[in-house]
Amino acid sequence: MALTIAHDQLPLTDECRHYEVLGDVPWDIQKYWHQRYSIFESYDYDVRLTDEAWFGVTPEPVAKKIAEDLAAWSSSESKTKNHMTKKKKGTIIDMFGGAGGNVIAFALSEEWARVVAIEKDAATLACAQHNADVYGVREAITFVLGDSLAFMARLRRCHKLPSVSKSSGQQADDTEMEDGEQYDEDDEIETLLRSIDPAGATVFASPPWGGVSYAELEVFDLSRMEPYSLADLHGACAPLEHTLFLPRSSDVRQVAGVLAPSLGNQGGGKLDVVQYCMNGASKAMVVFVPASESLLSSSAAAAAVK
């Protein structure tokens with residue numbers, strides 16, 4: 001699937017629904033519809049979602065708090081390492097934009113100079129664009145239609161960044177283009193990728209969790225998360241700073257086992273893990289993963305040369 005920038009509003013198809021009456025709501029999303037004002041406080045202003053998007057959208061209060069915490073965490077990381085004064089002027093990439101819950105909060109925070117939302121389903125992306133209009137931040141977001149892992153792979157190759165081996169957790173070189181792969185220098189996606197400073201960027205990944213069955217498990221096995229495992233996500237995001245939005249019952253030891261090898265001694269080899277709650281109930285576990293020391297060091301060296 002080709003990556004394209006959706007400059008104009010994509011068509012709001014019949015899949016882009018705004019349910020007003022309970023009788024019209026499919027039974028499996030009725031409990032989410034009852035929480036509609038927690039999910040989108042401005043729901044009555046014609047907020048649209050596909051039926052599938054109801055399962056993955058982050059409630060607005062949680063999305064706003066994550067945006068606030070992520071901006072503060074990124075800034076503190078930057079100041080601690082003395083590689084840059086504040087990361088406020090960088091780029092935030094929402095790998096799984098969905099109907100716009102998180103990316104709207106990122107734009108509303110005004111903490112990032114560029115906000116990029118990637119979504120591979122056209123109807124869902126149309127909902128996100130429309131909802132961003134409802135919240136007055138449509139022009140503050142770059143919407144990309146396509147596969148987010150392909151976007152991240154191109155970003156790494158564009159800037160000649162190493163990837164993280166899923167088997168060892170160590171950095172591996174995948175900067176070479178695949179056989180027959182060519183990038184048009186005038187391509188809009190290529191221009192966007194080249195404009196992103198990897199050391200000043202942060203990636204937010206709130207992937208599909210493989211259905212709602214996770215809620216029934218006391219401990220969720222992240223190696224079996226579908227369609228992307230924890231290792232898949234970390235491999236796609238590293239070496240950039242990234243934040244992973246995971247099921248609340250995720251195994252913290254499993255998180256440490258997958259992510260810690262790529263940290264080395266960075267930050268004492270420790271990760272920041274937060275449970276986000278609403279009305280006394282946890283909604284998700286969020287893991288903050290710093291950018292690699294090599295990425296930050298190379299950025300500092302390049303800045304010194306300039």
> Can you say whether the rings of F288 and W73 are parallel (under 30°), tilted (30 to 60°) or perpendicular (over 60°)?
Replying inline: tilted
>> Check whether N102 reaches the backbone of G97 with its side chain - one donor and one acceptor, N or O, closer than 3.5 Å.
In response: no
>> Just to verify, what does F151 make a ring pair (Phe, Tyr, Trp, His ring centres under 6.0 Å) with, not counting sequence neighbours?
In response: none
>> Do V252 and M285 have side chains that approach each other closer than 4.5 Å (heavy atoms only, starting at C-beta)?
In response: yes
> Should I39 and V47 count as side-chain neighbours, where that means a heavy-atom distance under 4.5 Å?
Replying inline: no
> Is any side-chain heavy atom of L244 less than 4.5 Å from a side-chain heavy atom of L259?
Replying inline: yes
> Should the pair K64-E68 be classified as a salt bridge under the 4.0 Å nitrogen-to-oxygen rule?
Replying inline: no
> What distance do L240 atom CG and M152 atom CE have between them, rounded to the nearest 0.5 Å?
Replying inline: 5.0 Å
> Counting distance only, does the side-chain N/O of D133 pair as donor-acceptor with the main-chain N or O of H130 below 3.5 Å?
Replying inline: no
> Do H242 and M95 come close enough that some side-chain heavy atom pair is under 4.5 Å?
Replying inline: no
> Should we say atom OH of Y37 is surrounded by more than 12 heavy atoms from elsewhere, each under 6.0 Å from it?
Replying inline: yes
>> To the nearest 0.5 Å, what is the distance between NE2 on H18 and CG on L12?
In response: 12.5 Å
> Does the side chain of L222 reach to within under 4.5 Å of the side chain of V258, using non-hydrogen atoms?
Replying inline: no
>> How long is the straight-line distance from OG of S109 back to NZ of K65, given to the nearest 0.5 Å?
In response: 13.0 Å
>> Does either side chain, that of Y32 or that of D51, offer a donor lying less than 3.5 Å from an acceptor on the other one?
In response: no
> Is there a side-chain contact between C158 and R194 (heavy atoms, below 4.5 Å)?
Replying inline: yes
> Could you give the distance from CD (Q129) to CD (E119), rounded to the nearest 0.5 Å?
Replying inline: 11.0 Å
> Is it the case that more than 12 heavy atoms not belonging to E41 sit under 6.0 Å from its CD atom?
Replying inline: yes
> Any side-chain donor-acceptor pair under 3.5 Å between T50 and E15?
Replying inline: no
> Has D24 got more than 12 heavy atoms of other residues, nucleotides or ligands less than 6.0 Å from its CG?
Replying inline: yes
> Taking E111 for the side chain and A71 for the main chain, is one N or O donor matched with an acceptor at less than 3.5 Å?
Replying inline: no
>> Tell me which one of F245, Y228, W209 satisfies ring-ring contact (aromatic ring centres under 6.0 Å, His included) with F96.
In response: Y228
> Should F143 and L10 count as side-chain neighbours, where that means a heavy-atom distance under 4.5 Å?
Replying inline: no
>> Could you check whether any side-chain N or O of Q254 sits under 3.5 Å from a backbone N or O of D221, counting only pairs where one atom can act as donor and the other as acceptor?
In response: no
